[in-house]
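Just so you know, these numbers use all the heavy atoms, side chains as well, and skip hydrogens, waters and symmetry mates. Lettering follows sequence order; numbering is per chain, from 1.
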Amino acid sequence: MSSNRNRGFTAVSLALAILGVSAACEIPAPGVTSEPEPTRTLTQALSGYEFQAEDTQALQDDPFANPGMLWVDQGQELWRDGGSADETSCSSCHGKNGDSMRGVAARYPAYDAETESLLNIEGRINRCREKYQQQSPYAYESAELLALTAFVAHQSQGSPIDVFIDGPARPFFESGQSYFYERRGQMNLACHQCHERNVGRMLRGDRLSQGQPTGYPAYRLEWQTLGSLHRRLRFCNVGVRAEPFPAGAPEYVNLELFLAWRARGLQVDAPAVRR
Amino acid sequence: MPKARISAPPTAKPGEIISIRTLISHPMESGFRRDSSGAQIPRNILTEFVCLYNGRQAFRAELHPAIAANPFLAFHLRADVSGTLEFRWTDQRGEVTTETRDLVVEP
């Protein structure tokens with residue numbers, strides 16, 4: 001997919017590092033009521049893919065060897081067959097092969113009027129299970145939920161991310177935005193201090209990415225398994241020695257909406273392979 | 001039952017060297033790690049992989065605790081006759097996962 005992607009990473013990251021100091025001062029004021037387009041602090045969005053070593057990129061680009069595809073395969077089975085013989089499956093409403101899901105993951109998280117809440121893909125799958133399948137929701141980070149999420153997200157591979165942040169979604173967006181710029185934990189660090197001001201620089205053995213959510217659920221070599229974006233966010237929180245929220249917490253879904261807005265235009269590349 | 005992926009060509013010319021790739025979902029838990037309460041996580045690994053070509057062993061690998069989760073194995077075979085390729089992974093308790101692929105050899 002990405003052999004011809006922009007490899008001008010070093011120049012871009014250097015430019016970002018130079019811009020970083022002034023860019024970080026342009027933090028948009030939260031709580032704006034007239035809903036103007038929020039200020040963007042990154043001059044060029046780069047997928048986490050661009051920050052990986054070549055062999056990791058190659059592993060992601062190979063549709064057979066990408067270990068995340070094991071979950072996509074399992075998700076496809078769950079999609080077609082449900083959890084057991086007498087269950088209504090996803091395919092009962094949405095079609096056998098998942099074509100109807102093309103581009104859907106690129107528009108999530110999205111506001112759900114019925115529950116008056118913000119739902120990400122995991123939340124939508126569990127909502128469907130409860131409402132239409134009369135099943136108990138899957139536990140967050142369970143093998144089944146990861147597999148179905150990976151399958152659905154994979155259908156949107158290549159679709160540019162474009163989430164809706166106005167109207168009823170706006171308070172959720174603003175909450176996620178303030179989370180991103182708030183300092184937290186014993187290290188007293190905010191997300192943007194690494195993922196905007198120091199993009200491309202080394203943090204111990206790792207190169208700091210922009211914290212873009214395009215590839216999740218992603219196979220992280222460190223985890224030796226597929227994990228959700230919320231697992232990654234918890235990992236970041238622990239890194240700054242802050243108390244992490246449980247996976248699936250509304251705070252993380254709000255942050256996910258902000259991150260998706262920030263990633264607008266970048267292509268979904270789930271299931272990605274990350275370091 | 002772990003889930004496996006196989007990449008093997010369905011057809012080949014006589015004497016052609018074909019490339020086979022396999023991927024299986026397995027945690028390959030080394031037995032050396034501890035959980036958050038300090039208790040040792042028991043070892044849980046695949047110990048053996050065999051590829052049989054018409055019942056004859058064509059490739060074999062022994063797997064050990066240092067091998068990463070979801071082992072990926074790639075190897076080559078010489079396609080001589082049409083037949084079946086059988087792939088078998090055995091875990092430490094002797095449980096076997098099997099996949100088969102048909103191979104047609106014609107000039």
Exercise. Should the pair A/D73-B/K3 be classified as a salt bridge under the 4.0 Å nitrogen-to-oxygen rule?
Worked result: no

Exercise. More than 12 heavy atoms of other residues, nucleotides or ligands under 6.0 Å from CD of B/Q57: is that the case?
Worked result: yes

Exercise. CG of B/L23 to CG of A/N66: how many Å apart, nearest 0.5 Å?
Worked result: 9.0 Å

For this session: Indicate the atoms forming the closest heavy-atom contact of A/Q224 with B/N70, along with that distance.
Result: O-ND2, 3.7 Å

For this session: Would you indicate whether A/E243, at its atom CD, is surrounded by more than 12 heavy atoms from other residues, nucleotides or ligands within a distance under 6.0 Å?
Result: no

Exercise. More than 12 heavy atoms of other residues, nucleotides or ligands under 6.0 Å from CZ of A/F64: is that the case?
Worked result: yes

Exercise. Is the number of heavy atoms from other residues, nucleotides or ligands under 6.0 Å of A/R184 CZ greater than 12?
Worked result: yes

Seminar exercise, completed: Residues A/A65 and B/F72: closest non-hydrogen pair is CB-CE1, 3.6 Å

